[in-house]
Q: 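Just dropping this structure here.
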Amino acid sequence: MSKKNENKDIKNPFPPSGVRGRLTVVGAGPGDEDLITLKAIKSIESADVILYDALINEALLKYASSEAELIFVGKRKGCYAFQQEQINELIVSKAKSRGHVVRLKGGDPFIFGRGAEEIDYVRQFGVETFVVPGISSALAVPAYQGIPLTKRNASESFWVITGTTKNHQLSSDVALAAKSTATVVILMGMSKLTEIVRIFSEEKKQDTPIAIIQNGTRDNENVGIGTIETISSIVAEKELTNPAIIVIGDVVKKRAILTSIYKEVNTIS
């Protein structure tokens with residue numbers, strides 16, 4: 001199956017067509033090919049066009065029809081195949097000219113995935129819109145390492161925060177979360193790790209456990225476990241980088257017990 005990676009300028013994003021078109025925004029899960037829902041697979045199978053991001057497992061494209069047009073629209077190392085405005089226009093163009101467009105996104109499309117923005121845009125042009133939720137990396141990646149985001153006597157709640165805002169700054173919510181006893185999960189935060197460590201240290205939380213999980217749920221998963229005080233050296237030692245999930249809180253200390261159970265379950269199955 002060949003993949004088409006189109007970077008052509010879209011001079012007329014709304015060509016005349018008798019096809020009203022529809023968009024299904026699909027969550028592809030955190031990376032493990034098996035962490036995809038049946039509804040997501042059915043959507044991929046029925047797609048005329050699939051616009052997919054960099055963080056999806058490309059093995060999922062095997063479910064696409066041989067007639068489907070596959071277009072990579074993701075970002076790798078700061079290089080954009082398309083800007084967001086171009087993606088919005090491309091969705092409408094393909095929906096009007098081809099029919100069913102699937103926008104395939106890593107994790108869940110409504111958790112820092114801009115799925116809602118794309119739906120808001122295309123609905124202006126009479127395109128029907130649907131959503132297939134995905135398993136969020138914020139939940140699945142810690143779970144694969146046996147880390148419960150909540151546990152009695154350890155954490156009663158959790159925060160999921162973007163590490164990098166639209167203005168490329170660390171979210172101010174990190175400072176608020178650092179004052180709480182909740183588990184803190186930070187996505188897209190590796191470039192801000194020094195700042196995150198400083199914020200938690202200022203709250204006298206140098207001994208708080210922290211896990212950094214790179215390429216979570218994939219075969220090349222890489223994990224670093226330490227404390228706020230030690231994690232920077234562990235990151236350097238293990239050469240941890242994006243894409244990664246940062247988990248901060250006492251629940252990280254529960255990892256060993258749950259990991260052994262997780263491995264046992266998978267061995268039996």
Side-chain angles (χ1 to χ4, degrees), residues 27-38 40 55-57 59-60 106-108 111-113 133-163 174 177-178 180-190 192-193 196-197 200 203 205-269:
D32 185 333
E33 179 187 354
D34 292 337
L35 291 180
I36 186 80
T37 66
L38 290 174
L55 291 180
I56 73 146
N57 188 331
L60 297 174
D108 181 274
I111 300 181
F112 306 126
I135 297 176
S136 173
S137 59
L139 307 180
V141 168
Y144 258 45
Q145 281 298 315
I147 299 172
L149 296 188
T150 62
K151 194 175 193 318
R152 188 174 299 182
N153 299 324
S155 175
E156 299 174 354
S157 62
F158 61 91
W159 295 58
V160 179
I161 308 173
T162 178
V174 173
S180 75
T181 59
T183 303
V184 181
V185 181
I186 303 175
L187 311 183
M188 301 172 287
M190 287 300 290
K192 301 291 192 297
L193 183 61
I196 292 167
V197 166
F200 276 81
E203 296 295 331
K205 293 188 174 181
Q206 294 92 332
D207 296 330
T208 299
I210 178 173
I212 294 181
I213 310 164
Q214 179 184 357
N215 295 317
T217 79
R218 293 176 178 262
D219 291 339
N220 60 340
E221 186 175 70
N222 190 12
V223 183
I225 305 288
T227 64
I228 290 295
E229 186 173 26
T230 64
I231 194 61
S232 295
S233 61
I234 291 171
V235 165
E237 177 187 347
K238 290 183 168 286
E239 299 181 340
L240 292 164
T241 185
N242 284 314
I245 303 293
I246 301 171
V247 185
I248 305 171
D250 287 340
V251 293
V252 174
K253 292 189 296 188
K254 311 300 180 182
R255 172 179 178 253
I257 295 174
L258 291 180
T259 300
S260 63
I261 294 172
Y262 170 78
K263 288 181 178 179
E264 180 181 344
V265 169
N266 279 269
T267 301
I268 294 172
S269 61

Q: Measuring from I36:CD1 to I56:CD1, what's the distance to the nearest 0.5 Å?
A: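 Answer for the CD1-CD1 pair, I36 versus I56, is 8.5 Å.
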Q: Quick one: does any side-chain atom of K205 pair with a main-chain N or O of A178 as donor and acceptor, under 3.5 Å?
A: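 Such a contact is found between K205 side chain and A178 backbone.
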Q: Report yes if the side chains of V160 and F112 come closer than 4.5 Å at any heavy-atom pair, otherwise no.
A: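 Result yes, sub-4.5 Å side-chain heavy-atom pair found.
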Q: Distance check, rounded to the nearest 0.5 Å: E229 atom CD versus I234 atom CD1?
A: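 Between E229 CD and I234 CD1, I get 10.5 Å after rounding to 0.5 Å.
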Q: For V185 and I245, run side-chain contact (heavy atoms from CB on, under 4.5 Å): C-alpha distance rounded to whole Å, both residues' side-chain angles, the deciding distance at 0.1 Å, then the answer.
A: CA-CA 7 Å; V185 181; I245 303 293; 3.7 Å; yes
Q: Hey, could you give me the CD1/CZ distance between I248 and F200, rounded to the nearest 0.5 Å?
A: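 So the CD1 of I248 and the CZ of F200 are separated by 4.0 Å.
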Q: State whether the number of non-hydrogen atoms from other residues, nucleotides or ligands found under 6.0 Å of D219 atom CG is greater than 12.
A: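 No, CG of D219 has 12 or fewer neighbouring heavy atoms, counting only those of other groups under 6.0 Å.
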Q: Mind checking the CD1-OG spacing from I147 to S155? Nearest 0.5 Å is all I need.
A: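 Answer for the CD1-OG pair, I147 versus S155, is 12.0 Å.
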Q: Is the shortest heavy-atom distance from the side chain of I161 to the side chain of L187 under 4.5 Å?
A: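 They are not in side-chain contact.
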Q: Would you give the length of the straight line joining atom OG of S137 to atom CG of L55, rounded to the nearest 0.5 angstrom?
A: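 One finds 8.0 Å between OG of S137 and CG of L55.
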Q: Can you check whether T150 reaches S157 side chain to side chain, under 4.5 Å on heavy atoms?
A: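 Of all side-chain heavy-atom pairs linking S157 with T150, none is under 4.5 Å.
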Q: Within the 3.5 Å criterion, strictly below it, is a donor on T230 or T227 matched to an acceptor on the partner's side chain?
A: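 The answer is yes; a qualifying pair exists.
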Q: Tell me every residue that passes side-chain contact (heavy atoms from CB on, under 4.5 Å) with I135, counting only those two or more places apart in sequence or in another chain.
A: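 I135 satisfies side-chain contact (heavy atoms from CB on, under 4.5 Å) with P30, L35, A140 once adjacent residues are dropped.
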Q: Output yes when a side-chain donor or acceptor of N215 lies under 3.5 Å from a complementary backbone atom of E221, and no otherwise.
A: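 Side chain of N215 to backbone of E221, a donor-acceptor pair under 3.5 Å: no, none is there.
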Q: Can you find a heavy atom in the side chain of V235 that is under 4.5 Å from one in the side chain of L193?
A: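 A side-chain contact exists here, since the closest heavy-atom pair is under 4.5 Å.
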Q: Where do A154 and V251 come nearest, in terms of heavy atoms and distance?
A: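 Taking every non-hydrogen atom into account, CB-CG1, 4.1 Å.
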Q: Going by heavy atoms in the side chains, are M190 and I246 under 4.5 Å from each other?
A: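 Counting from C-beta outward, M190 and I246 do come under 4.5 Å.
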Q: V247 and F158: side-chain contact (heavy atoms from CB on, under 4.5 Å), yes or no, with the steps?
A: CA-CA 10 Å; V247 185; F158 61 91; over 6 Å; no
Q: Can you list every pair that meets side chain to side chain donor-acceptor pair (under 3.5 Å) and has a residue in residues 237-252, with sequence neighbours left out?
A: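 Output for this query is empty, none listed.
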Q: Roughly how far, to the nearest 0.5 Å, is CD1 of I210 from CD1 of I228?
A: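 Rounded to the nearest 0.5 Å, the CD1-CD1 separation comes to 4.0 Å.
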Q: Between K192 and G163, what is the shortest heavy-atom contact and its length?
A: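 So the minimum-distance heavy-atom pair works out to CG-O, 3.6 Å.
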Q: Output yes when a side-chain donor or acceptor of T183 lies under 3.5 Å from a complementary backbone atom of L149, and no otherwise.
A: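 Indeed, once roles are kept as given, a pair shorter than 3.5 Å links the two residues.
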Q: Test I186 against V184 for side-chain contact (heavy atoms from CB on, under 4.5 Å), laying out the working first.
A: CA-CA 6 Å; I186 303 175; V184 181; 3.8 Å; yes
Q: Using modelled atom types only, decide if a donor and an acceptor are shared between the side chain of N57 and the backbone of G31 within a distance under 3.5 Å.
A: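 Present.
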Q: With a 4.5 Å cut-off on side-chain heavy atoms, are T181 and E156 touching?
A: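 No, every pair of side-chain atoms sits at 4.5 Å or beyond.
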Q: For the residue pair S232 and V197, what are the closest heavy atoms and their distance?
A: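 Residues S232 and V197, closest heavy atoms: OG-CG2, 4.2 Å.
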Q: For P209 and V252, work out which heavy atoms get closest and say how close.
A: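 Closest heavy-atom pair between P209 and V252: CB-CB, 3.7 Å.
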